[in-house]
Each structure stands twice: as C-alpha cells, then as structure tokens.
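A quick write-up on the structure given underneath.
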Amino acid sequence: YAKWVNENHILAPWYKDRPIPQNWTTNIMWADDQLAPDKALTIYDQQKSAGILVERVSGSPEGLALMQRLADDNMGATSQAAGPWALTKSQNIFPNYPIYTDSTAAVADWFMSNWKNTSRKPRVAYLTANSALGKGIEIPQMKDYLTSAGFEWVGAQYVDQVPTAPPTTALAWLKDNNVDLALGVMINPGSQATIKEAVRLGMGTDQAYKITFGFATPSHLQQFAPAMGQTGNGVLVGGGYAPWEDTGDGIKFAKDLINKYHAGVMPVPLYMGGLIEGMTQLEAIRLASLQKPIDQLTPADVLKNGFYQIKNLNVGGLTPNLTYGPSYTQGVGKVVVEQDQNGKVVVLGQYDLHNLFAKQ
C-alpha cells in the first residue's frame, strides 16, 4: 500500500479527491514484537525516537501495555486488536473492526433471530481462548446483554490460544450442560482445532448434538473456511472483513496490490487489515497536514486534527466505514456476521453495535 501511494499520490483508487502531495514519501517502520508486551514497549520507544507520527498495536496484551504510554505521548495508533479495553481509559487506539463483545453479541443476535424453540430459552456459554484476547469478552455488560436478549446463561470454558491437545473436556462440558450457542474469541489455530474436535465428538449445526459455535474476528472465516471446508459448516464469525469473493472496491484494490507487488501469493485476511490500517494512518496525517505543514506536525497534531476528524472513511467495503472522535474510538457502526457454509464464506447481514464495554 505504501509503495502504491508513493507511485499514485492518492489515498485510494476511489478517493481521487484526496491527493497525497507529490513531495511526500510514505515509509513503514517495522519490527517484530513477537506478541510480547515488553518487546512492544521497547520497539515503541525506538520508533518514537525516530520521529514516527502514528503507531499501531499488534495484539491485546501489547495494546494494554502501550495504552498509557500512547496517552502520555498523545500518539494515535491503529490496532490489529479490538478488545473492549481499547475503548476505556485512553482514546488513542483505533480499531478497524468491532470490539470482541460487540462482535459476539451480533452473533448472538443472529442466533436469537433464528431460534425456533418456543418452549425454552436458548442456553449460551463462553468457549474462548485462555488469554487476554479470549477473556476480553468477560465483562458484566456482555453477560447482562445476553440475558436481556433472552438467553439463559450457563458459564464459561477455556481453550489454550494455540492448543497443544484437543479441547475435549471443554467441549464435553458444553454438551453436558445442554449449551445451544458457544461464543468466544480465538485466533484460527484455536478455532480450527476446537471445531475439528467438536465434529469428532458429534457437535455442530449439522451434527448429532446441535450446537452453534460463534467467534469474534480475529477468527477470520476467510482463513478458516478454506482450511476447514465442510468440517467448519455452520461456524459464525462476527466483525469479519469482506470475503475474497466480494466484488467491492476494497477487495479489488487488495487483489490489484497482490498481483502488482507479489503475484501468486494469496495472503491471510490480515492483509486487508493492514490495508485498512495504512489507509487510516495516512488519512489522519493528511487531515492534520491541512492545518499545519507536514514537517511541523507532531503526533498530538495527527491525533487531534487527524484521527479524531476521520468521518465515514470509506475503505472500499473491507469493513464498514470508519468514524473516530475524541470520546469514542470504536470506528465501525455495524457488525458484519458471516458463516462458513460448506467451505464458503457467506455474509448473513449487518447488525447494530451494542457498545458493550466497561465505561470508565
């Protein structure tokens, strides 16, 4: 994306009215934090001293570690993670898909709208990663919403973020407790292993024991469905990016970039996430530069006159349009719910946010 911008000097193909000055060169500073908070802090200090105007967050533990540092420095950061923590205490971190609680609540909304049993309430439980990522949905607001929406709350079970053994015990607990809907936050190594074991145990929407599994992004179906095929049939994900089969501007742009710069490679869905983050960061800098020359900009200028001023940013349908402000950094206004249907990603609809986070 940075190479394309340096060659074409516009924000995106559909934003010809948002030019990037010819004398700008967009550079990417990269380092591997290995998903370790201490490394993320060290890298941030190094990059800050090199004069960055924007930062990005790689995961929930790293975002939690960086949150206060970013606030102290008035540094705006896009984020690969979208936990409820991102909307508390600090307004410097900008997710590009719904927070995990809103994503799983949308899955619950879809499930409830399709619940046919009038004799009892559906039973819901968490089946989530045993990590800061997975436990991000464990806030009172989430449980309260589920019960208010008509579910009977059952409890929670945990799966290692990258399982070293099948989560047989956790899945058996769901069956023993007659759970109808299991909600969680996992990355693909967790969700794929969990669903493979569930199917082995005869659990799923088309299995002997009828249960629906729903996850929040980052359990991207674009990665999950091709790998799992019919084994993943019926699995839901809330907050996902557009499927690769989408015909919108964003997917076309992503495919054009892939073909131009690394033909023959089909990246994971976070390629789309990186494209959204880059576009958001550059738009923040562009907006701030309308108030002050770029060589005079500080991170605080980009935060206040850039990120906070982004309104209805069209990212080509990769995710719903983005809006940010000084008191609310959720970004998207809707949750896209998708389902694995025989190895294909099918968009079921868009659902309203419930803004389920602990306000402080």
Indicate whether any N or O donor in one side chain lies under 3.5 Å from an N or O acceptor in the other, for N355 and Q141.
no
Under a single-linkage definition using a 4.5 Å side-chain heavy-atom cutoff for Ile, Leu, Val, Met, Phe, Trp and Tyr, are V237 and I251 assigned to the same hydrophobic cluster?
no
Atom pair CG/CG of D73 and L303 - distance to nearest 0.5 Å:
11.0 Å
Are K334 and N321 linked by a side-chain donor-acceptor pair shorter than 3.5 Å?
no
Side chain of T217, backbone of S219: donor and acceptor closer than 3.5 Å?
no
Taken to the nearest 0.5 Å, the spacing of D301 CG from N74 CG works out to 9.5 Å
Keeping T329 on the side-chain end and Q91 on the backbone end, is there a donor-acceptor pair under 3.5 Å?
no
For the residue pair V5 and I10, establish whether any side-chain heavy-atom pair is separated by less than 4.5 Å.
no
Should R120 and D180 be marked as a salt bridge (charged side-chain N to carboxylate O under 4.0 Å, His left out) after you check the CA-CA gap, both sets of side-chain angles, and the distance that decides it?
CA-CA 11 Å; R120 66 175 179 88; D180 301 295; 2.8 Å; yes
Between A170 and L127, what is the shortest heavy-atom contact and its length?
CB-CD1, 3.9 Å
Checking side-chain polar atoms at under 3.5 Å, does T42 have a donor or acceptor matched by the opposite partner on D45?
no
Regarding Q68 and D72, do their side chains bring together a donor and an acceptor under 3.5 Å, going by distance alone?
yes
Just how far is it from atom CG of D32 to atom CG of L35, taken to the nearest 0.5 Å?
7.5 Å
Could you check if a side-chain atom of M67 sits within less than 4.5 angstrom of a side-chain atom of N92, using non-hydrogen atoms only?
no
Thinking salt bridges, do E197 and R200 make one under a 4.0 Å N-O criterion?
yes
More than 12 foreign heavy atoms under 6.0 Å from NZ of K260: is that the case here?
no
When you compare the side chain of Q330 with that of L353, does any pair of heavy atoms fall below 4.5 Å?
yes
Is there side-chain contact between W24 and S289, with heavy atoms separated by less than 4.5 Å?
yes
Quick check on the hydrophobic clustering: are V124 and W173 connected, directly or via other members, by side-chain heavy-atom contacts under 4.5 Å?
no
Does the pair S191 and F213 meet the rule for a side chain to side chain contact (heavy atoms under 4.5 Å, CB included), with working shown?
CA-CA 9 Å; S191 60; F213 295 95; over 6 Å; no
Test side chain to side chain contact (heavy atoms under 4.5 Å, CB included) applied to N130 and V159, step by step
CA-CA 6 Å; N130 188 19; V159 176; over 6 Å; no
Y271 and L257, any side-chain heavy atoms less than 4.5 Å apart:
yes
Stacked cation flag K135 on Y100, 6.0 angstrom / 45 deg:
no
Is there a side-chain contact between I276 and L322 in this structure, where contact means two heavy atoms from C-beta onward sitting under 4.5 Å apart?
yes
Atom pair CD/CG of E152 and N177 - distance to nearest 0.5 Å
10.0 Å
Any link between L356 and M112 through a network of hydrophobic side chains (Ile, Leu, Val, Met, Phe, Trp, Tyr) touching at under 4.5 Å?
yes
Heavy-atom side-chain proximity of Q161 to M186 below 4.5 angstrom:
no
Any chance the side chains of D33 and S58 put a donor and an acceptor closer than 3.5 Å?
yes
Side-chain donor or acceptor of Y324 paired with backbone N/O of P95 under 3.5 Å
yes
Answer with yes or no after comparing the ring centroid distance for F307 and F94 against a 6.0 Å cut-off, counting only values under it.
yes
Quick one: are the ring centres of F357 and W85 less than 6.0 Å apart?
no
Starting at CD of Q291, measure out to CG of N305 and round the result to the nearest 0.5 Å.
5.0 Å
Over 12 non-hydrogen atoms of neighbours within 6.0 angstrom of NZ in K3:
no
Test side-chain hydrogen bond (donor to acceptor under 3.5 Å, both in side chains) applied to Y145 and D109, T101, T104, the passing residue:
D109
Evaluate whether atom NZ of K143 has more than 12 neighbouring non-hydrogen atoms of other residues, nucleotides or ligands under 6.0 angstrom away.
no
For W4 together with Y261, are the ring centres under 6.0 Å from each other?
no
List the steps and the verdict of side chain to side chain contact (heavy atoms under 4.5 Å, CB included) for V235 and T194.
CA-CA 11 Å; V235 170; T194 297; over 6 Å; no
State yes or no: do L297 and I310 share one hydrophobic cluster built from I, L, V, M, F, W and Y residues joined by side-chain heavy-atom distances below 4.5 Å, directly or via other members?
yes
According to a hydrophobic-cluster definition based on side-chain heavy atoms being under 4.5 Å apart (Ile, Leu, Val, Met, Phe, Trp, Tyr only), do M272 and V345 belong together?
no
Interatomic distance, CE@M142 vs CG@D144, rounded to 0.5 Å, equals 11.0 Å
Are Y241 and N96 linked by a side-chain donor-acceptor pair shorter than 3.5 Å?
yes
Within a strict 4.5 Å, meaning less than it, do heavy atoms of the V268 and H220 side chains meet?
no
Hey, is the main chain of G248 close enough, under 3.5 Å, to the side chain of D246 for a donor-acceptor pair?
yes
Answer yes if the side chains of Q281 and T78 hold a donor-acceptor pair under 3.5 Å, and no otherwise.
yes
I'd like to know whether V336 forms a side chain to side chain contact (heavy atoms under 4.5 Å, CB included) with V347, so could you lay out the CA-CA distance, the side-chain angles of the two residues, the decisive distance to 0.1 Å, and finally the verdict.
CA-CA 7 Å; V336 178; V347 177; 3.9 Å; yes
For residues 102-133, the ring pair (Phe, Tyr, Trp, His ring centres under 6.0 Å) pairs (sequence neighbours left out) are F111-W115, Y126-W153
